[in-house]
Amino acid sequence: MSHVKSSISTPHANPSLSQVQNALQALGLLDLGLVSLKEGLLDAELKRLFQWLDDGRQGDMLYMARSPNQRADPSQLLPGAQTALVVGLSYLPREGPQWRADEEQALEDPRRAVVSVYARGRDYHKVLRGRLGQLAQVMAELWQRPSSDFRACVDSAPLMEVALAAKAQKGWQGKNTLLLTREQGSMIFLGVLLTRLSAEQLLAQKGEEAMPADVSPAGHCGSCTDCLVACPTQAFTGPYQLDARRCISYLTIEHEGDIEESLRPLMGNRVYGCDDCQRVCPWNRFARKATLPDFAARHGLDAANLVSLFSWTEDEFNDRHQGSAIRRIGHARWLRNLAIGLGNALREPLSNVDRKAVRDALKQRRGQCGAMVNRHIDWALAQDREA
Ligand code: B12
Ligand code: SF4
Ligand code: SF4
């Protein structure tokens, strides 16, 4: 925090957005722009959200169906909010091209367990919310406003972050439904700092421009459809249209019960989240490595194998995932996901040693961890092409 404060002068007679930009840089955050909030800003997106919910595409993410109107109305989160500052936080472990090659190799090895790259290190909610809190403090000091004039939102607040970020005009919503930028592709988390400061107050100096809120974002996907084609479970029903119920990210993280049998073989060795619709995106060739150390892989999660992760006891699971988003799914869902990966490994040509290790691991767990895990273990053993 001290280095952030020292990079700007506080308090300031005539604070301006460029000082905020300095603070963003010192905090390792990408400036994704500023949106002037006004009534009806997200009306078109709200309509589409209702359509999505009507179609049942949220599956059992009950929080998405709860008060949808609120998601399009930032003033419900911060009464009197006038402006939204949108930030990004990069989480890529390596530069774009190297990351893509490493992931492709891991996906092709049936023994490997592929955990989505965003979840291998510290929980981003904590990292990003902490940094937005520091940014709010800097701004409160600069403009001499109470901290209650700011509210940091990261993911879990009921707010349509991608839609809002697209309004800020430095990025666009891609056909994979994620926010992309020319500089960093989509390999960024999004955060929003709502403030009661107006755009006019923030843009005190000449040469700074507010984005008019009603301009619709021009995308740079062009005729590309790579993400739609690459999705292993065909979760996209069209460009910008995702049926979450088929998405591996939903199935492995959000969904509590059994995973539909027809989808299991399509999941391969993806055991927590999925990066395919981002890995293939041409814009992610330009994605840069994360600047913060927080997202570095823990406990070898960037090179783990299914059998070893499947052997973790519940205590080991809780200890090793302390401070990670993965802990929230709990040990049973973790084993469910890994059992599917192990079943898919048994469908592949494996050496005798590897095949035996997979079978033994599954049999050993059978009966230890509840009915749901057992059902997935039974399915996995039934996939053995050499049984
Ligand atoms: C629910 C949710 C999920 C669900 C549903 C995803 C979804 N696309 O809806 C599931 C569990 C599947 C999921 C998965 C992932 N998620 Co998620 N998720 C969210 C959450 C909480 C809400 C998203 C939402 O509002 N969905 C509702 C539907 C209706 O929104 P939508 O799909 O964007 O629909 C819009 C488009 O269809 C658009 N539209 C329709 N037609 C047209 C036509 C045109 C021309 C245009 C421009 C638009 C358009 O209108 C709709 C309304 O705006 C946000 C955080 C937040 N608070 O916003 C994070 C968030 C979107 N997720 C994030 C991430 C990182 C992921 C994963 C990559 C994680 C992973 N590696 O496994 C995957 C990616 C899957 C994917 N391709 O979306 C990040 C994305 C960052 C970024 N760069 O955009 C967010 C923003 C969290 C964060 N704070 O960083 N997620
Ligand atoms: S995250 Fe994976 S499963 Fe989900 S839409 Fe993207 S490619 Fe498909
Ligand atoms: S893969 Fe192509 S269509 Fe999909 S988001 Fe990237 S540029 Fe857009």
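Counting starts at 1 for both ligands and their atoms, in listed order. All values derive from a computational prediction rather than experimental measurement.
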Legend entry - Polar side-chain atom of E316 near backbone of T313 as donor-acceptor pair, under 3.5 Å: yes
Inset, instruction - Measure from the side-chain N and O atoms of N269 to the backbone N and O of D109, and report whether any donor-acceptor pair falls under 3.5 Å. - result: yes
Inset, instruction - May I ask you to decide if the ring planes of W334 and F317 are parallel, tilted or perpendicular, using 30° and 60° as cut-offs? - result: tilted
Legend entry - Plane angle bin for Y272 and Y118 - parallel if under 30°, tilted between 30 and 60°, otherwise perpendicular: tilted
Inset, instruction - Hey, could you give me each pair passing side chain to side chain donor-acceptor pair (under 3.5 Å) that has a residue in residues 183-192? Not counting sequence neighbours. - result: S90-Q184, S186-Q278, S186-N284
What about [X]: any of its N or O atoms under 3.5 Å from an N or O on ligand 1?
X: Q241; result: yes
X: Y91; result: no
X: I253; result: no
X: P239; result: no
X: Q173; result: yes
X: S156; result: no

Taking atom types as modelled, is there a side-chain donor on [X] or [Y] under 3.5 Å from an acceptor on the other?
X: S18; Y: Q21; value: no
X: Y250; Y: D60; value: yes
X: S67; Y: N69; value: no
X: T233; Y: R270; value: no
X: T237; Y: R57; value: yes

At less than 4.0 angstrom from any non-hydrogen atom of [X], what atoms of ligand 1 do you find?
X: G273; result: 72 (O)
X: Q278; result: 68 (C)
X: D275; result: 71 (N)
X: S116; result: 70 (C), 71 (N)
X: L159; result: 56 (C), 57 (N), 58 (O)
X: W52; result: 9 (O), 27 (C), 28 (C), 29 (C)

Inset, instruction - Taking both backbone and side-chain atoms into account, decide whether C221 has an N/O/S atom under 2.8 Å from atom 8 (Fe) of ligand 3. - result: yes
Kindly identify the option in [options] whose heavy atom sits closest to [atom].
atom: atom 32 (O) of ligand 1; options: T177, L251, T237; result: T177
atom: atom 24 (C) of ligand 1; options: M160, M64, R245; result: M64
atom: atom 83 (N) of ligand 1; options: I188, V115, L178, I248; result: I188

Part of [X] within contact of ligand 1 (heavy atoms, under 4.0 Å):
X: W172; answer: neither
X: F189; answer: both
X: Q58; answer: neither
X: A165; answer: neither
X: E161; answer: both
X: C274; answer: backbone
X: R48; answer: side chain
X: L179; answer: both

Legend entry - Note, W143 side chain near D149 side chain (heavy atom, < 4.5 Å): no
Legend entry - Numbered atoms and elements of ligand 3 in range of L180, under 4.0 angstrom, heavy atoms: 5 (S)
Legend entry - Proximal ligand 3 atoms for W283, defined as those under 4.0 Å from one of its heavy atoms: 7 (S)
Legend entry - Metal check, atom 2 (Fe) of ligand 3 vs C281 N/O/S, cut-off below 2.8 Å: no
Inset, instruction - Could you pull out all residues at least two apart from S351 that satisfy side-chain contact (heavy atoms from CB on, under 4.5 Å)? - result: V353, D354
Inset, instruction - At a cut-off of 2.8 Å, list the protein N/O/S atoms near atom 8 (Fe) of ligand 2, residue plus atom name. - result: C231 SG
Legend entry - Partner set under salt bridge (Lys or Arg N to Asp or Glu O under 4.0 Å) for R375, not counting sequence neighbours: D258
Inset, instruction - Just need the protein heavy atom nearest to atom 3 (S) of ligand 3, so name the residue and atom and give the distance. - result: C224 O, 3.2 Å
